[in-house]
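For reference, the structure discussed in these notes is given below.
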Amino acid sequence: MTELSISTAAGVFDAITAGPSKGRPVLLLHGFPQTSLAWHRQVAALAARGYRVVAPDQRGYSPKVRPERPEDYRMSVLVDDVVAMTEELGWARFDLVGHDWGGAVAWWTADAHPGRIRTLTVVSTPHPGALADALRTDEDQRARSHYMHDWRETPATEDRMLANDAELLRTLYAGRVPQSSADAYVRHLSQPDALTAALNWYRSGRPEHAIGIIDVPTLYVWSTQDTAFGPAAAQQTRQWVNGPYRFETLQGVSHWIPEEAPETLNRLLLGHLHAHDEPGTAPSTGSADSGSDEKQTDGHRTR
């Protein structure tokens with residue numbers, strides 16, 4: 001696993017990468033309040049199977065792509081970042097994986113550029129259309145999402161989150177993220193203007209247009225102890241995917257799936273990628289074994 005700089009018109013994105021240079025390309029998008037470090041177990045597992053994996057620090061998280069205005073974090077701009085990075089990497093088509101905010105970007109990218117996305121994997125985050133429906137009809141989801149209004153409307157959010165050695169920020173990881181990773185995230189987001197940039201994702205305003213139905217092969221992984229996304233939106237996501245669709249529920253796992261249940265997620269992800277091989281796109285070495293739907297891993301059972 002090595003560090004990588006990806007130069008685009010917007011600036012230089014920091015990233016981590018692993019796997020053979022000619023391997024089938026996979027892009028991993030992290031969420032809030034994390035960095036590409038969240039994917040280190042997935043990067044290692046995919047690279048070991050011959051995939052070429054890149055996990056960037058997204059806009060605001062990469063110091064050289066950290067504009068000040070909230071409007072510079074609109075969803076269309078975040079999608080443009082994905083396109084710009086993959087073009088710089090020379091990837092005409094790629095597999096896309098996202099968690100939390102990275103999952104939202106992944107949904108919107110698959111909608112806007114379906115011809116470039118070989119497969120889509122989204123962890124935790126329901127399809128934005130399903131989430132919007134749930135926010136209109138489900139009191140539970142409205143309660144879960146209330147924090148977003150506070151973070152958008154309160155300029156002092158950064159001060160509260162970073163006070164007392166970032167006590168409030170640390171509580172967001174709920175003891176489910178390794179302590180070393182939580183410390184690394186706090187150090188990163190304590191840099192000047194870094195937390196404001198990350199929160200600007202919430203302050204940027206609504207997307208410019210509605211999202212559509214997703215046609216690419218999609219794996220959606222949700223967990224029962226997710227505090228941000230409830231079952232209504234998770235279950236409705238199926239209505240927003242026309243392509244081959246697989247929905248997996250992880251029992252007893254929190255929102256932080258990539259780090260709390262990495263082996264389970266790796267197995268599901270490898271199986272999804274392998275199920276949608278195309279001529280000339282197989283990994284450079286080895287093959288992915290999807291395993292059984294009832295395989296027990298990390299102490300968590302998937303459905």
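Keep in mind that the numbers below use all heavy atoms, side chains included, and drop hydrogens, waters and symmetry copies.
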Beyond-backbone contact of [X] with [Y], side-chain heavy atoms, under 4.5 angstrom:
X: His274; Y: Arg49; answer: no
X: Asn200; Y: Asp72; answer: no
X: His30; Y: Trp39; answer: yes
X: Asn266; Y: Gln42; answer: yes
X: Glu208; Y: Arg74; answer: yes
X: Arg66; Y: Pro63; answer: yes

Looking at [X] and [Y], would you say the former's side chain and the latter's main chain have a donor-acceptor pair under 3.5 Å?
X: Ser36; Y: Ala15; value: no
X: His40; Y: Leu37; value: yes
X: Arg152; Y: Tyr202; value: yes
X: Arg59; Y: Ala10; value: no

Nearest non-hydrogen partners of [X] and [Y], listed with the distance:
X: Pro217; Y: His272; result: O-NE2, 3.5 Å
X: Pro56; Y: Met85; result: CB-SD, 3.6 Å
X: Leu250; Y: Leu268; result: CD1-CD1, 4.2 Å
X: Val216; Y: Ala110; result: CG2-CB, 4.2 Å
X: Thr17; Y: Val53; result: OG1-O, 2.8 Å
X: Arg52; Y: Gly19; result: NH1-O, 2.7 Å

Qualifying residues under side chain to side chain contact (heavy atoms under 4.5 Å, CB included), relative to Thr224, sequence neighbours excluded: Trp222, Thr249, Gln251
Out of His188, Gln34, Lys64, which residue meets the side chain to side chain contact (heavy atoms under 4.5 Å, CB included) rule with Asp57? His188
Starting from [Y], can I reach [X] by hopping between I/L/V/M/F/W/Y residues whose side chains sit under 4.5 Å apart?
X: Phe13; Y: Leu89; result: yes
X: Ile211; Y: Val77; result: no
X: Ile214; Y: Trp240; result: no
X: Val83; Y: Trp107; result: no
X: Met1; Y: Leu265; result: yes

Donor on one side chain, acceptor on other, [X] and [Y], under 3.5 Å:
X: Asp95; Y: Thr119; answer: yes
X: Ser124; Y: His99; answer: yes
X: Thr196; Y: Glu158; answer: yes

Parallel under 30°, tilted from 30 to 60°, perpendicular over 60°: which one fits the rings of Phe247 and Tyr220? parallel
For the residue pair His209 and Trp108, does the interplanar ring angle fall in the parallel (under 30°), tilted (30 to 60°) or perpendicular (over 60°) class? perpendicular
Return yes when atom CD of Glu68 has more than 12 non-hydrogen atoms of other residues, nucleotides or ligands closer than 6.0 Å, and no otherwise. no
For residues 168-176, dump all side-chain donor-acceptor pairs below 3.5 Å to protein atoms at least two apart in sequence or in another chain.
from: Arg170; atom 1: NE; to: Asp165; atom 2: O; distance (Å): 3.0
from: Arg170; atom 1: NH1; to: Asp183; atom 2: OD1; distance (Å): 2.7
from: Thr171; atom 1: OG1; to: Leu168; atom 2: O; distance (Å): 2.5
from: Tyr173; atom 1: OH; to: Pro33; atom 2: O; distance (Å): 2.7
from: Arg176; atom 1: NH1; to: Glu260; atom 2: OE1; distance (Å): 3.4
from: Arg176; atom 1: NH1; to: Glu260; atom 2: OE2; distance (Å): 2.6

What pairs meet the side chain to side chain donor-acceptor pair (under 3.5 Å) rule with one or both residues in residues 131-142, with sequence neighbours excluded? Asp133-Arg136, Glu139-Arg142, Asp140-Arg144, Gln141-Ser145
Quick check, are the ring centers of Trp151 and Phe32 under 6.0 angstrom apart? yes
